[in-house]
Each structure stands twice: as structure tokens, then as C-alpha cells.
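Have a look at the structure below, then the notes.
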Amino acid sequence: LPFEVTILGCSSATPTADRHPSAQFLQIRNSTFLIDCGEGTQIQIMRFRLRTHKLQHIFISHLHPDHYLGLLGLLCTFNLQGRNTPLTIFSPPGLQEVIYKVFNTSGVVLQYELVFEIVNTSQPEIILETPEVLVQTLILQHRIPTVGYLFREQPTLLKIDAAKAALFKLPFEAFKYFKRGEDFVDESGQRFSYKDFTFPPPAPRSFAYVSDTIYTEEILPFIFETDLLYHEATFMHDRLDRAKETFHTTSVQAAELAKKANVKQLLLGHFSARYKNLEPLLEEAREVFPDTALALEGLKFTV
Ligand SMILES: [Zn+2]
Ligand SMILES: [Zn+2]
């Protein structure tokens, strides 16, 4: 089953002709999620032919306009398309007031249920748990309250070695125990270890979304050995002073964090409009952490 991130926007506050503000679309097994929703996100969703009928949860990192302005258009389009299933938006405080100010001014009445969940911006917490996914916040250090999001796949059940179970003439009922990692004891009292009749499940996959923030190692224990880490890299390292001033990260710093966290792959994004060519930014990051890629729009990253 898929675990895939599609990049919808990779620009920082000022967009360019070919780079939109932040947004990413995440598919984990049968669930889809939207993370940040910069201006133009709904058009990017159409451009890359993503399906939103299963979308139930949107995660906003912070209330700088390049991370949420696209919500207004997207929520209205869902309304016009006749959406009738609930939608939950997680964000730092203040978003609900902004959205309803606009909707009330414009006379927009939503035909579907919109739920706002305010995340704690000073303490990490688990905010969503479904049979497929667990989502928790990461506390970031930016000019206004900001969180990142960590998505972890729930462990899957053990896979039954049915042919072997048949060889031992085990009843179908035994499978129920084995799947949960429990032994099965038959009527005569004979014990069958689940280890002998199952294959180990694949390791749960994970993705961390970290934007925007000054370099912070406080998130290190949470993102340790994450499969895929998206980290903002607004500037190249020669502009470290500017990054610190504006509470952003350089490409080299993002790579250093990825290395310390021992992640499998690093994605860089949230690029300053000053960089026409992003290759030098990628190259200096790769010198520190080779498994680095640019989160360019339209690219899909499979975990
Ligand atoms: Zn931003
Ligand atoms: Zn910001």
C-alpha cells in the first residue's frame, strides 16, 4: 500500500513564476492528507490530478500567509463541488476566525462540516490516531507559533504463512491469534507459536514535515530515523545570518539535522525567490547529507 508525498509548492513567502508557496499532499495507505495550503494549492491539486474525495484532514504549520491562503479557495471549491463529508483542519490558534471572517463577509455558507482543531504550539502532542496513521506535532521555532507534523504508519498485522498452517492442519481460528502475535493452543493443549506460522510485517514508515523554523535540535529525538524528512531550506549557507534573523534554516543546517537524525532521505523546500537555480543549494546540502533531494513541484516521493 502506498506511502507517498506529492509536492504542490516549494517556494517561501514570495512565489516565483514556477514555484508556488508551501503545500504537500500525502497518501498513506487509504488515507490522504494535505499539509499546508499556500496560495494556488487547489490548482496544483488539479494539475497533478490528485483526488480529494478521501481528504478528511488538513494540517497547517503556522499562520504566515504562504502556508494557509490557499485554504479559502479550496474550501469554497469543495462547497461548489457538493462536498458533504466533514473536514478537519489542525492549526495554531487564530485560523477559524480568519476563515469565518472572510466567509461571513462574502456570504459563503458551507454545506459540509468544517472542524477546527487548535494544536498546542509549546508542547508536542499526538493529535490524530486512526487505524492507519498516527500524527503528532513537532514544536518549531519561528517568528510566530509554528508546528511541524510527524506522520507514522500504524504497525501492520503479521502475515500468515497459510501453506504451513495447512500442513499442520491448524484450524482457521488459529490465524486470528497469529495475526495479533499470540500463540494458539489447540483442544489437546498443544501450543503453536505464532513465530512459526507468520512472516514479519514490513517496518512502519514515517514522514516528518518541518517548515518554517530556525535550526533546532529539539525535534531530533522525535524525527530520529524517520524515513523521509522534509525540512525547509530557505537560504544557502552563505546567508546564515539572514536565516537566523528571519527564523529560517539554511540548506547545510537542514542537512546537518538530517545526518544527526539518521533519516533515510532529506527533502529540501521553502526556497527563497532569490534562487533561480537551486542546484548549488542542493549540492552544498549533499556534501553533508548525500541522500538529499529538492522538493520540486509535481515530484512524488515514495517511502
Ligand atoms: Zn513560509
Ligand atoms: Zn513562516
Side-chain angles (χ1 to χ4, degrees), residues 5-26 33-45 58-74 89-95 97-99 118-122 124 137-150 207-216 218-219 223 229-237 239-254 257 266-276 278 281 285 294-297 299:
V5 182
T6 306
I7 309 302
L8 303 180
C10 67
S11 175
S12 61
T14 312
T16 70
D18 49 8
R19 300 206 295 258
H20 293 71
S22 294
Q24 297 187 5
F25 193 85
L26 180 60
F33 305 102
L34 181 64
I35 317 166
D36 276 342
C37 189
E39 203 183 331
T41 294
Q42 61 169 329
I43 296 163
Q44 294 290 79
I45 286 174
I58 299 177
F59 302 86
I60 302 296
S61 63
H62 65 303
L63 298 188
H64 277 155
D66 55 319
H67 296 261
Y68 81 90
L69 275 190
L71 271 179
L72 291 161
L74 183 72
I89 305 178
F90 294 88
S91 88
L95 183 61
E97 291 78 355
V98 176
I99 299 287
I118 296 172
V119 300
N120 185 334
T121 56
S122 50
T137 50
L138 303 164
I139 305 305
L140 305 181
Q141 309 296 330
H142 195 41
R143 303 194 301 278
I144 57 172
T146 303
V147 296
Y149 294 100
L150 174 64
F207 169 62
Y209 179 88
V210 179
S211 181
D212 304 359
T213 189
I214 198 167
Y215 179 83
T216 172
E218 271 168 50
I219 58 172
I223 63 169
L229 168 65
Y230 166 78
H231 201 292
E232 74 128 290
T234 308
F235 298 106
M236 286 189 67
H237 205 59
R239 294 185 69 83
L240 177 61
D241 288 346
R242 183 78 188 127
K244 281 183 181 165
E245 246 171 62
T246 54
F247 285 78
H248 283 299
T249 308
T250 71
S251 50
V252 169
Q253 287 180 313
L257 195 74
L266 170 67
L267 294 183
L268 300 178
H270 200 266
F271 309 118
S272 163
R274 64 185 296 113
Y275 303 115
K276 302 280 168 281
L278 295 168
L281 192 143
L294 297 173
L296 299 179
E297 294 170 22
L299 291 187

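Atoms within each ligand, like the ligands themselves, are counted from 1 in listed order.
Distance alone, capped at 3.5 Å, places no donor-acceptor pair between the Tyr230 side chain and the Ser211 backbone. Under the 3.5 Å distance criterion, the side-chain polar atoms of Glu297 are matched with a main-chain donor or acceptor of His20. Side-chain atoms of Thr41 do not come within 3.5 Å of backbone N or O of Gln44 as any donor-acceptor pair. The closest donor-acceptor contact from the side chain of Arg19 to the backbone of Ser12 lies at 3.5 Å or more, if one exists at all.
Annotation: Tyr149 is not in aromatic contact with Tyr209 [ring centroid separation under 6.0 Å not met].
Within the protein, the number of N/O/S atoms found under 2.8 Å from the Zn ion (ligand 2) is 4.
When the N, O or S atoms of His270 are ranked by distance to the Zn ion (ligand 1), NE2 comes first.
Only one option out of His67, Arg143, His64, Gln141 pairs with Asp212 in a side chain to side chain donor-acceptor pair (under 3.5 Å); it is His67.
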